[in-house]
Amino acid sequence: MATKPKKKKSAQKNVTRAKTKATKQTKGAKAPAKPTRAAGTDPKRVAAILAKLDEAYPNATCELNHKNAFELLIATILSAQCTDVRVNQVTETLFKKYPDAKAFAYANPSELEKEIRPTGFFRNKTKSVMGASKGVLENFGGEVPRTMEEILTLPGVARKTGNVVLGTAYGIPSGIVVDTHVHRIANRLDLTRNEDPKKIEQDLMQVIPKVKWIQFSHQIIWHGRRVCQARKPKCVDCNMESLCYAKDKTI
Ligand code: SF4
């Protein structure tokens, strides 16, 4: 009587076990991650939002007073946690006393601290202003550089400041400014579902045409100051109301 080959039987068992294991794994496996893009980013909806922003804020621009890229760099550093109105009051005299990067780079730190004190966080801001000025002077011949990579080498300068300066002073669309207004309104309009400014910027850069990056930043900031305020957005005055389904809408 022929004996069944043991090896074959054991091989069959192994195949069966492997199949069972694979089936279990498939059943227990997590579904592939859903795309993280917010539902409100349908291109037609985004185009409608952009049209409404153009209609409401055709001339939106940066509200920090400046005569050149260097002044805008300093004003933007000072604007952290401070209103543009207050910064403009301070820079009105500051830029007369310190007309260029060299003047700021070699300022007396304690004098400068006193001068920028009204903008808040004056010790850190003094370090950033003087550090950035030294960087501009020593590494870029006194001219604010024109690329994000270079501008980020300046002390106290992150992407938000880089985008403000490159976009407003040079007209270079390096990204989208994500300040407190853009953060809040991009979420309310469901253009992002992220809280981290870098991720919000990436989300917006994917759905807003590059040609609109600079203007979009200004328009959303204007909208945040005038209508879509943090505590009580004036939804009754908002021309995007029909497109907006934010949970904290006031109508
Ligand atoms: S409807 Fe209200 S919450 Fe929505 S964007 Fe307009 S002001 Fe903001």
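When a ligand or atom number is given, it counts from 1 through the structure's own listing order.
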Does a side-chain N-to-carboxylate-O contact under 4.0 Å join Glu138 and Lys134?
no
Between atom 6 (Fe) of ligand 1 and Cys244, is there an N, O or S atom separated by less than 2.8 Å?
no
Is the distance from atom 4 (Fe) of ligand 1 to some N, O or S atom of Cys228 under 2.8 Å?
no
Please list, one pair per line, the donor and acceptor atoms closer than 3.5 Å that link side chains of residues 140-152 to other protein atoms, with sequence neighbours excluded.
from   : atom 1 : to     : atom 2 : distance (Å)
Thr147 : OG1    : Glu150 : N      : 3.1
Thr147 : OG1    : Glu150 : OE1    : 2.9

Going by an N to O cut-off under 4.0 Å, is there a salt bridge joining Glu115 and Lys125?
no
In plain terms, say whether Asp179 and Lys160 are close enough for a salt bridge, that is, a side-chain N and a carboxylate O under 4.0 Å apart.
no
For atom 6 (Fe) of ligand 1, what is the closest protein heavy atom, and at what distance to 0.1 Å?
Cys238 SG, 2.4 Å
For Glu241, the ligand 1 atoms with a heavy-atom partner under 4.0 Å come out as 1 (S)
Where on Cys235 is there a heavy atom closer than 4.0 Å to ligand 1, on the side chain, on the backbone, on both, or on neither?
both
Could Asp203 and Arg193 be called an ion pair, given the rule that one side-chain N must be under 4.0 Å from one carboxylate O?
no
With a cut-off of 4.0 Å, which atoms of ligand 1 are near a heavy atom of Arg188?
3 (S)
In Leu191, Asp54, Ile221, the residue satisfying side chain to side chain contact (heavy atoms under 4.5 Å, CB included) with Phe216 is Leu191
What protein heavy atom is closest to atom 5 (S) of ligand 1, reported as residue, atom name and distance in Å?
His223 NE2, 3.7 Å
